[in-house]
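For reference, the structure discussed in these notes is given below.
FYI, the numbering just counts along the sequence from 1.
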Amino acid sequence: MKRSPRDGVVSHLTRFLVVAVLGAFVPLSAGAQQYDLLIVGGQVIDGTGNPWRYADVGVRDGRIVAVGDLSGTSADRVIDARGKVVAPGFIDIHSHADGPNYGSQGLRSTNPVRRAAPNLVMQGITTVVVNQDGRSPPSIAEQKAELERLGIGLNAALLVGHGAVRRQVLGRDHQRASTGEEVERMGVLVREAMLAGAWGMSAGLEYVPGRWSTTDEVVAMVEEIVPFGGVYISHERSEGADPMWYWPSQFEGRPPSLIDAVRETIEIGERTGATVVASHIKAKGANYWGTSAVVIRLIVEARHRGVSIFGDQYPYNTTGSDGSTVLIPRWVAAVERSGDAPDHGAALRAVLAEDSLVPRLRMDIAHEVQRRGGPRNILVMEYPDDAVVGKSLGELATARHVSPIDMAIALQLEGDGRRPGGGALRGFSLSEVDIEAYAQQEWMVTATDGWVSLPEDGLTHARVYGTFPRKIKHYAMNRGLLTVEDAIRSATSLPAAIMGFSDRGLVHEGYVADLVVLDLNTLEDNATFFDPHQYPSGVEYVVVGGAFAVDGGSPTGSFLGTVLIRENANP
């Protein structure tokens, strides 16, 4: 009998209940006993969402072997956690920690500091799920072997990318629907990846080449992971009113919206029976704010019908692509080129000289301004004139007594002609209204959508340093939108259950000793968008497999991680 992905979620919870019942018959005081690690006096938030309780945690051979009153016992290392929270290590269900530039970035970098992933472990992350957005290496087996050979700072679970297998089969001829024979060949590749150890499949349906796939094609691929209990994690076709590739002057017809995209994810889960995740869910664009209410209703109704659908989010009001906001449409750069690199200022002047092109230009700029959050929510991050940096498009336009459209044009013409837009802009395209609405949902997982980052990388998204502390501190403790216990559940047992990790995500006997010790009094995400390379405070210890990835608030640089293996390697 084939095992449903829903069974993985049920079995995870059943395992916890059985262990909990049996544990009730074990005396809390275990007498004199030697542990490798003993964490004493802490407020244990076990990951279930239940209220905290005082308990000691004993670790031996990389596993939690006792939770309770362990007074009178000894250990090689004792951590005094009085006044602190002891929780499961955080599981980042949507991570780009192993890519996309595998030789220089991420967990297979030639730089050992990167492989230790300090910005991730310092958040309390002990496991990342990688190969997101439909991207994965050609061979999951080779990726796994290389990660194991090099050594990594935290655990990794691998996905197979839908876009990667589509590109392997269709090659450059991917701007079309696939044929039946091509679907069969892609299915073979997905199945091979699952046999090699993938935990499921990711998709990037807003990106190349997944953008041209049909729902039927994706369903066929997901059907290949179902016998393995695999999960489907989707960057959907749109995150707002329209996809990021859409410019109104260039495309006819109605593009897919976020609501369309969520309906497709629900359909894929309903048709296949797979567990599906609507990833880094949002409502992008100033003219789309508030639509989280519709998305939540669709997902809740689907869950009531028995669809195993979840979502994940990062707790920031700006996206990854917002960090590369360019208000001048891409087609402008093709008008005039100088050598291999376009002179963006010259190209824009050429368009402005053509009366027939100017209305199209202004329409597209106006559209992009709204998609990136409106004039007040687009900031200049880098620019040749320092006086401009840190100011919004709206502020600059008001100071000059011009429209935001004209100000966007001026930034390109007066800025660095080698850079699209004349400099670096960041849009803040999301509304706190939607972020807060999503954060309160019991089926919502916390995830970074981040990567390994070091100070020499320059400006980056604050989420790569602060996601998990921010969710707990800002949205649970400060805003009171959910309890701290539920915020920790969304980072631990919930993603573990979705993925099918049977021995992670809880502080309980028999589970792997992936743990974090937090001081909630000092917990803070310190990363900002102008100064992002700052570790959070209040993350005092992070334990991966019983050893310290963070010790006394500092990363150890140790290679403690392993590539996680599914129990059901064969369907």
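Residues that satisfy the side chain to side chain contact (heavy atoms under 4.5 Å, CB included) test with Thr522, not counting sequence neighbours, are Asp519. With sequence neighbours excluded, the residues that form a side chain to side chain contact (heavy atoms under 4.5 Å, CB included) with Glu146 are Arg108, Arg149, Leu150. Under the salt bridge (Lys or Arg N to Asp or Glu O under 4.0 Å) criterion, Asp449 pairs with Arg463, not counting sequence neighbours. Under the salt bridge (Lys or Arg N to Asp or Glu O under 4.0 Å) criterion, Glu223 pairs with no residue at all, not counting sequence neighbours. By the side chain to side chain contact (heavy atoms under 4.5 Å, CB included) test, Ala547 is found to be paired with Leu560, residues two or more places apart in sequence or in another chain being considered. In this structure, the side chain to side chain contact (heavy atoms under 4.5 Å, CB included) partners of Val484, at least two apart in sequence or on a different chain, are Ile45, Ile472, Ala476, Met477, Ile488, Leu520.
Of all non-hydrogen atoms in Ala527 and Pro532, the two that sit nearest each other are CB-O, 3.1 Å. The two residues Tyr475 and Glu432 have their closest heavy-atom pair at OH-OE1, 2.8 Å. When all heavy atoms of Val544 and Ala549 are compared, the closest pair comes out as CG2-CB, 3.9 Å. When all heavy atoms are compared, the tightest approach of Asp434 to Trp289 is OD2-CA, 3.5 Å. Smallest separation of non-hydrogen atoms from Ala274 and Val222: CB-CG1, 3.6 Å. Nearest heavy-atom pair, Ser558 versus Ala116, reported as atom, atom and distance to 0.1 Å: O-CB, 4.4 Å.
Between the side chains of Thr467 and Thr448, no donor-acceptor pair of N or O atoms lies under 3.5 Å. Between the side chains of Gln34 and Asp76, at least one donor N or O lies within less than 3.5 Å of an accepting N or O. Side-chain contact, Ser429 with Lys284: no donor N or O sits under 3.5 Å from an acceptor N or O. Counting only N and O atoms by type, the side chains of Asp69 and Ser71 include a donor and acceptor under 3.5 Å apart. Side-chain atoms of Ser279 and His235 form no donor-acceptor pair, as typed in the model, at a separation below 3.5 Å. Judged purely by distance below 3.5 Å, without hydrogens or angles, the side chains of Gln143 and Asn131 pair a donor atom with an acceptor atom. Judged by distance alone, the side chains of Gln132 and His94 do bring a donor and an acceptor atom under 3.5 Å apart. When only modelled atom types and interatomic distance are considered, Tyr535 and Ser537 share no side-chain donor-acceptor pair under 3.5 Å. A donor atom on one side chain and an acceptor atom on the other are found under 3.5 Å apart for Thr265 and Glu236.
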Would you check, one step at a time, whether the test side-chain contact (heavy atoms from CB on, under 4.5 Å) holds for Val262 with Ile299? CA-CA 8 Å; Val262 170; Ile299 292 177; 4.0 Å; yes
Give the C-alpha distance, both sets of side-chain angles, the deciding distance and a yes or no for side-chain contact (heavy atoms from CB on, under 4.5 Å) between Asp92 and Gln123. CA-CA 10 Å; Asp92 188 356; Gln123 295 185 53; over 6 Å; no
Is there a side-chain contact (heavy atoms from CB on, under 4.5 Å) between Ile266 and Leu298? Walk through the geometry before answering. CA-CA 8 Å; Ile266 292 170; Leu298 288 172; 4.1 Å; yes
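A cation-pi geometry, defined here as NZ or CZ lying under 6.0 Å from the six-membered ring centre and within 45° of its normal, holds between Arg77 and Phe548.
Look at Asp322 and Arg426 and you find no salt bridge, because none of the NZ, NE, NH1 or NH2 atoms lies under 4.0 Å from a carboxylate O. Salt-bridge check for Asp457 with Arg114: passed, with a basic side-chain N closer than 4.0 Å to an acidic carboxylate O. Note on Glu485 versus Arg489: no salt bridge recorded, every NZ/NE/NH1/NH2 to OD/OE distance being 4.0 Å or above. Using a cut-off of 4.0 Å between Lys/Arg side-chain N and Asp/Glu carboxylate O, Asp61 and Arg63 are scored as not salt-bridged.
Residues His280 and Asp312 have side chains in contact (heavy-atom distance under 4.5 Å, counting atoms from C-beta outward). Here the side chains of Gln534 and Tyr465 are not in contact, with every heavy-atom distance at 4.5 Å or above. Two residues are said to be in side-chain contact when any heavy atoms from C-beta on lie closer than 4.5 Å; Leu506 and Tyr511 meet this criterion. You'll find the side chain of Tyr541 reaches within 4.5 Å of the side chain of Asp551, heavy atoms only. Side-chain contact check for Leu38 versus Ile79: every heavy-atom pair is 4.5 Å or farther apart. Thr556 is not listed as a side-chain neighbour of Val550, based on a closest heavy-atom distance of 4.5 Å or more. Inter-residue side-chain proximity for Trp199 and Ile225 is flagged as unmet; no heavy-atom pair is nearer than 4.5 Å.
Taken to the nearest 0.5 Å, the CZ atom of Arg191 stands 4.5 Å off from the CZ atom of Phe228. Note: Ile152 CD1 to Phe559 CZ = 9.5 Å, rounded to the nearest 0.5 Å. Expressed to the nearest 0.5 Å, how far CG of Asp46 lies from OG of Ser493 amounts to 8.0 Å. Here the CG atom belonging to Leu454 is positioned 8.0 Å from the NE2 atom belonging to His533, to the nearest 0.5 angstrom. Considering CD of Gln313 and OG of Ser490, their distance stands at 8.0 Å, rounded to 0.5 Å. Distance CD1/Ile498 to CH2/Trp443: 11.0 Å, rounded to 0.5 Å.
Between Phe90 and Phe468, the ring planes lie parallel to each other; the angle is under 30°, not in the 30° to 60° tilted range. Classified by interplanar angle (parallel below 30°, tilted 30° to 60°, perpendicular above 60°), the ring pair Tyr314/Tyr316 is tilted.
Of the listed residues (Val57, Leu37, Ile39), just one forms a side chain to side chain contact (heavy atoms under 4.5 Å, CB included) with Ile64, and that residue is Val57. For the side chain to side chain contact (heavy atoms under 4.5 Å, CB included) criterion with Leu494, the lone passing option out of Ile93, Ile91, Val445 is Val445.
In this structure, Tyr232 has its ring center at least 6.0 angstrom away from the ring center of His162.
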